[in-house]
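Structure, as C-alpha coordinates:
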Amino acid sequence: MIRSCDISKVFNAGKPNEFRALNRVSVDISLRDVTVLKGPSGSGKTTLLGILGCMARPTTGRIFLAEREITSLPERFLTDIRLKTFGFIFQQFNLIKGITALDNVMLPAFPTGEKHASLETPGSRHP
(Lines give C-alpha, C1' and ligand atoms only; values in the text may rest on other atoms or scores of the structure.)
Protein backbone atom coordinates (compact mmCIF):
# COMPACT_ATOMS: atom_id res chain seq x y z
CA MET A 1 0.00 0.00 0.00
CA ILE A 2 2.73 2.50 0.90
CA ARG A 3 6.37 2.35 -0.04
CA SER A 4 9.23 4.72 0.62
CA CYS A 5 12.46 4.69 -1.35
CA ASP A 6 15.60 6.24 0.14
CA ILE A 7 13.75 8.78 2.29
CA SER A 8 15.94 11.33 4.03
CA LYS A 9 14.87 14.24 6.18
CA VAL A 10 17.24 17.04 7.09
CA PHE A 11 16.22 19.90 9.35
CA ASN A 12 17.99 23.27 9.12
CA ALA A 13 19.96 22.16 6.05
CA GLY A 14 23.17 24.08 5.51
CA LYS A 15 23.07 25.72 8.93
CA PRO A 16 25.34 25.04 11.91
CA ASN A 17 22.48 23.24 13.68
CA GLU A 18 21.69 20.96 10.72
CA PHE A 19 20.13 17.69 11.86
CA ARG A 20 19.56 14.56 9.78
CA ALA A 21 16.50 12.80 11.24
CA LEU A 22 16.28 10.12 8.52
CA ASN A 23 18.99 8.82 6.24
CA ARG A 24 17.93 6.86 3.14
CA VAL A 25 15.11 4.89 4.77
CA SER A 26 13.19 2.47 2.56
CA VAL A 27 10.14 0.63 3.84
CA ASP A 28 7.18 -1.26 2.34
CA ILE A 29 3.93 -1.52 4.29
CA SER A 30 1.16 -3.63 2.79
CA LEU A 31 -2.54 -3.09 3.28
CA ARG A 32 -3.79 -4.52 6.60
CA ASP A 33 -0.25 -5.24 7.83
CA VAL A 34 0.61 -4.42 11.39
CA THR A 35 3.95 -2.64 11.41
CA VAL A 36 5.92 -1.68 14.49
CA LEU A 37 8.53 1.06 14.47
CA LYS A 38 10.81 0.55 17.42
CA GLY A 39 13.81 2.53 18.50
CA PRO A 40 15.14 4.96 21.05
CA SER A 41 13.81 8.46 21.48
CA GLY A 42 15.12 10.68 18.68
CA SER A 43 15.72 7.85 16.22
CA GLY A 44 13.27 9.22 13.62
CA LYS A 45 10.16 7.12 14.17
CA THR A 46 7.75 10.06 14.39
CA THR A 47 9.48 11.84 11.51
CA LEU A 48 9.09 8.76 9.32
CA LEU A 49 5.41 8.35 10.24
CA GLY A 50 4.77 12.02 9.50
CA ILE A 51 6.34 11.66 6.06
CA LEU A 52 4.58 8.38 5.25
CA GLY A 53 1.29 9.92 6.39
CA CYS A 54 1.70 12.94 4.08
CA MET A 55 2.01 15.38 6.97
CA ALA A 56 5.58 16.32 6.08
CA ARG A 57 7.74 16.11 3.01
CA PRO A 58 11.04 14.27 2.77
CA THR A 59 14.19 16.20 1.92
CA THR A 60 15.08 13.47 -0.58
CA GLY A 61 13.56 10.17 -1.68
CA ARG A 62 10.20 9.09 -3.01
CA ILE A 63 6.93 7.85 -1.55
CA PHE A 64 4.45 5.65 -3.39
CA LEU A 65 0.86 5.05 -2.31
CA ALA A 66 -0.76 2.14 -4.13
CA GLU A 67 2.00 2.36 -6.77
CA ARG A 68 1.33 6.08 -7.41
CA GLU A 69 4.16 8.45 -6.58
CA ILE A 70 2.89 11.10 -4.19
CA THR A 71 6.15 12.74 -3.12
CA SER A 72 5.72 16.00 -5.01
CA LEU A 73 1.94 16.30 -5.15
CA PRO A 74 0.53 19.73 -4.26
CA GLU A 75 -0.71 20.15 -0.69
CA ARG A 76 -4.41 20.08 -1.71
CA PHE A 77 -3.96 16.53 -3.04
CA LEU A 78 -2.04 15.44 0.06
CA THR A 79 -4.86 16.80 2.22
CA ASP A 80 -7.32 14.62 0.32
CA ILE A 81 -5.05 11.58 0.69
CA ARG A 82 -4.75 12.16 4.45
CA LEU A 83 -8.51 12.50 4.79
CA LYS A 84 -9.34 9.33 2.84
CA THR A 85 -6.39 7.08 3.60
CA PHE A 86 -4.77 7.64 6.99
CA GLY A 87 -5.80 7.94 10.59
CA PHE A 88 -3.54 9.56 13.15
CA ILE A 89 -3.42 9.30 16.89
CA PHE A 90 -0.69 11.59 18.13
CA GLN A 91 1.62 11.02 21.08
CA GLN A 92 -0.08 13.90 22.92
CA PHE A 93 -3.56 12.66 21.97
CA ASN A 94 -5.03 16.18 21.37
CA LEU A 95 -8.49 14.93 22.31
CA ILE A 96 -11.48 17.25 22.29
CA LYS A 97 -12.95 17.45 25.77
CA GLY A 98 -16.63 16.72 26.16
CA ILE A 99 -16.86 13.98 23.50
CA THR A 100 -15.98 10.30 23.76
CA ALA A 101 -12.66 8.80 22.69
CA LEU A 102 -14.49 7.02 19.85
CA ASP A 103 -15.99 10.30 18.62
CA ASN A 104 -12.53 11.91 18.79
CA VAL A 105 -11.12 9.16 16.57
CA MET A 106 -14.05 9.32 14.14
CA LEU A 107 -14.20 13.12 13.94
CA PRO A 108 -11.80 13.49 10.97
CA ALA A 109 -14.05 11.20 8.89
CA PHE A 110 -17.10 13.45 9.18
CA PRO A 111 -16.15 15.72 6.22
CA THR A 112 -16.13 12.65 3.96
CA GLY A 113 -19.92 12.47 4.14
CA GLU A 114 -19.92 8.93 5.53
CA LYS A 115 -22.80 8.17 7.85
CA HIS A 116 -21.71 7.94 11.48
CA ALA A 117 -23.06 4.40 11.88
CA SER A 118 -21.08 3.13 8.88
CA LEU A 119 -17.83 4.31 10.49
CA GLU A 120 -18.34 2.28 13.64
CA THR A 121 -17.41 -1.34 14.01
CA PRO A 122 -19.85 -3.71 15.74
CA GLY A 123 -19.48 -3.40 19.49
CA SER A 124 -17.52 -0.15 19.36
CA ARG A 125 -20.26 1.80 21.18
CA HIS A 126 -20.69 0.90 24.80
CA PRO A 127 -23.68 2.30 26.74
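Position 1 is the first residue of the sequence; numbering continues from there. Given the structure is predicted, the values throughout are model-derived calculations rather than measurements.
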Do R62 and R3 have side chains that get closer than 4.5 Å, going by heavy atoms? no
Check whether K38 reaches the backbone of K45 with its side chain - one donor and one acceptor, N or O, closer than 3.5 Å. no
Distance from N23 atom CG to S8 atom OG, nearest 0.5 Å? 5.0 Å
Worked verdict on R82 versus T79 for side-chain hydrogen bond (donor to acceptor under 3.5 Å, both in side chains): CA-CA 5 Å; R82 283 191 301 268; T79 299; 3.0 Å; yes
M1/L65 under side chain to side chain contact (heavy atoms under 4.5 Å, CB included): CA gap, chis, key distance, verdict: CA-CA 6 Å; M1 178 182 152; L65 180 63; 4.0 Å; yes
How long is the straight-line distance from CZ of R57 back to OG of S72, given to the nearest 0.5 Å? 7.5 Å
Closest non-hydrogen atom pair, F86 against G53: CD1-O, 3.8 Å
Side-chain heavy atoms under 4.5 angstrom apart, residues restricted to Ile, Leu, Val, Met, Phe, Trp, Tyr: same cluster for I7 and L78? yes
Distance, nearest 0.5 Å, that separates CG of L37 from OG1 of T47: 11.0 Å
Transitively linked via ILVMFWY side-chain contacts under 4.5 Å: V25 with I29? yes
Give the intermediate values and the outcome of side chain to side chain contact (heavy atoms under 4.5 Å, CB included) for residues T85 and I2. CA-CA 11 Å; T85 308; I2 192 158; over 6 Å; no
Donor-acceptor contact below 3.5 Å, side chain T100 vs main chain D103: yes
With heavy-atom distances below 4.5 Å as the criterion, would you say the side chains of N12 and F19 are in contact? no
Could you measure the distance from the CD1 atom of I81 to the CZ atom of R68? Nearest 0.5 Å is fine. 5.5 Å
With a 4.5 Å limit on heavy-atom distance, are the side chains of L52 and V27 in contact? yes
If I take atom CD from residue E69 and atom CD1 from residue I63, how far apart are they, to the nearest 0.5 angstrom? 9.0 Å
Apply side chain to side chain contact (heavy atoms under 4.5 Å, CB included) to residues I51 and S4 and explain how you reach the verdict. CA-CA 9 Å; I51 290 172; S4 73; over 6 Å; no
Euclidean distance, I99 CD1 relative to N104 CG, rounded to 0.5 Å: 4.0 Å
Heavy atoms of V10 and T59 approach each other most closely as N-OG1, 2.8 Å
If you look at every heavy atom in T71 and G61, which pair is closest and at what distance? CG2-O, 3.4 Å
